[in-house]
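Read through the structure below, which is laid out as structure tokens, and then see the notes.
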Amino acid sequence: MRSVTQDIYIEANKRQSVSVRELWLYRELFFFFAWRDIKVRYKQTFLGAGWAILQPFLATGVFTLFFNKVAGIQSGNRAVPYAVFAYLGLMYWNCFNSSINTVANSLVASQGVITKIYFPRLIPCLAAAALSIVDFFFAASIFFVFLIVYHITPHLSGIIFFLPALAILVASSLGIGIFFAALNVKYRDVRSALPFITQMLLFVTPVIYPITSIPAKYRTFAFLNPAAGAISGIRAAMFGEPISWIGVLLSCISTVIAIIIGIWYFNKTEKNFADII
Amino acid sequence: MSKSYKDNETVIRVENISKSYHISHQNKPGYGTIKDGFSNFLHKPRFGMGKSNPENDETFWALKDINFAVKKGEVFGIVGKNGSGKSTMLKILSRIVDPTTGSISMHGRVASMLEVGTGFHPELTGRENIYFNGSMIGMSRQEIKSKFDDIVAFSEIEKFLDTPVKFYSSGMYVRLAFSVAAHLDPDILIIDEVLAVGDAQFQKKCLERILSGAKRGQTILFVSHSMTIVKQVCDRAMYLEKGIAKYIGETEFATEKYMEKNIASVTESTFADNPKKDAQFKEINIYDSDNKVVEALDIGEPWKIALQYTVKEKSIDTIVAVEVLSNEGQPIFMSTDTDFDKKMGDLEAGKYSASININDLHLLPGVYYLRCSIQSPGKVAHDVRENIPLRIRQAKNDVRSQYFGGKYMGYIADKVKWQIDRSD
């Protein structure tokens, strides 16, 4: 608890910003931040949390109509209708995408408190990611409705891999997100550029199409995108196809790299946040 | 305020703290765009592709070599003009910004209130904001829970607890935010100007709440523009000017230094015409014994207040009054145009000038304020001009400057004759 008497020592150029011990000390603030973000997000909305469901639901409808019916993209598995395939991919993708973007904007959005109160600056970033996780679970509840409607029995490995896949996406989106959050403090270009970048990233990630549509020799590169390994992995697990463990491993490695770079840059720039934000 | 310290332990030690900012005259300081960043990168000398523009970059020292120590239970004030570095000092102490040089050690749980209602969200209800803001400023959930009822009672907004604060009046908003802050009980409390808002009664209530913490051994660092409050609450103070600590020590002296420096900037002796007023002052000046307009007088020097005022419409039962107030706002002398013979009567329309010769009011060195008014007592104040500063200087040869650190108690400088005989 923070109420425990502790000594504070401040020295020029010695700030250590990302400290697990300190984050633990401030865990309550993290919960309050996340709780506030969730409350605020759905206040004064008619549909409330329904938006978390409606977005991937409508997107699935549009994707099914254009990519499946018009462009003829298939799920790659005869037993799995394209809509179920697309929804599963989209709910994970949405979590990844919204997590990157909200985390990247979290510091700028909290600039009022950042210039007035000390707390580990990583807290609003983590809370922003938590918000995306909550939305994910709303969206996931509909996925099971899809399974029932289409009479599909999920494989046990799909249930087992359900949360680890989420963990990979959240961890990698945090790594990428905090890098851009720190960059956003200095360069507000991030706010405009990032949604565009992640939108483009959607097309190089196997969300609309199955990973098998990518020629085998390029697949290794595709898996460097952490979302590719996690999404194709959960799909394969859910529908009982062979899982590309190499792909999952590559995605895990790139996740670790993203986190290291993110934390390194965050640490390096954090001491100036309040001065320049 | 005096109190006995249980122990003389130093809980805050500030050593050689400096803070510099780079100001680039080309761009706004602060965040830029990637384009700026890229062109700066290209123009860095080590990159060898262009010359840096030294006249465009300037280092600004917001603070320079600040050293002080605060003991447990002490209320330490920081005063200075806007831009003197006091906010930067507080931000460094609150760990919001990093110092450029130096170090600070603080012993105990530190909480800072640099703003009232930090993190308040308009969409959240009063209840929700109490929890969020409380947690923001350093209370645990358990602590907020246990103090919740006190906080609500203190804020006097019980009825609106479940209303989003965006529907609150500004007064309610401030009261709620104050209440949360006032219930924070850290070992070291850092406060900036937060008491400057809200109605006077509520301000007083908050101040008392905070000071009761000091009596229990809480250490408080206090920044305010209100010298009255600073003098009332601080045991010691630091006067900052352009980032340099010009004085650290007795509150009285620190506030006086502040007043001396600020007098010039607040004085305005002529007043613009306000068409809404029936009667108003045009000019108020203080003359010294050489008949020069001044703001400072020597101790014991005869002086004069000159008033120019206009009356647009005949004003019934009206008097013109001047008052001298102490630095703390305490009235210590008053005189009106009816002092001697004139009965209070009607003021005919026209222009007037009054000269008030003051020979017998001897004030001790310090800062005072004049308040001048045209009023119908108990009915209407036509015009009031206050905060006109008057400083009484210490005379070097005055015997009173030798004792008590040059600071006699009270306001009246009259010397009285002591007849002392030996009675043994």
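Everything quoted here is computed from the prediction, not taken from an experiment. Note on naming: letters A, B, ... go to the chains in the order of the sequence lines (proteins, then strands), and numbering restarts at 1 for each one.
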Task: chain A contact via B/Thr125 - side chain, backbone, both or neither, heavy atoms under 4.5 Å - done: both
Task: Heavy-atom proximity to chain B below 4.5 Å, by part of A/Phe273 - done: neither
- [ ] Report the option among B/His121, B/Arg13, B/Lys19 that has the most heavy-atom pairs separated by less than 4.5 Å from atoms of chain A.
- [x] B/His121
Open item on the list: Is B/Ile188 in contact with chain A via its backbone, its side chain, both, or neither, using a 4.5 Å heavy-atom distance?
Closed with: neither
Task: Interatomic spacing from CE in B/Met238 to CD1 in B/Ile66 - rounded to 0.5 Å - done: 5.0 Å
Task: Region of A/Ile123 in contact with chain B, defined by heavy-atom distances below 4.5 Å - done: neither
Task: Side-chain donor-acceptor contact under 3.5 Å, A/Asn97 with A/Thr198 - done: yes
Open item on the list: Closer than 3.5 angstrom, by distance alone: can the side chain of A/Tyr118 be matched with the main-chain N or O of B/Lys91 as a donor-acceptor pair?
Closed with: no
Open item on the list: Regarding A/Asn184 and A/Asn105, do their side chains bring together a donor and an acceptor under 3.5 Å, going by distance alone?
Closed with: yes
Open item on the list: Under a 4.0 Å threshold between the charged nitrogen and the carboxylate oxygen, would B/Lys86 count as salt-bridged to B/Asp192?
Closed with: no
Open item on the list: Using heavy-atom distances under 4.5 Å, tell me whether A/Ser110 contacts chain B through its side chain, its backbone, both, or neither.
Closed with: neither
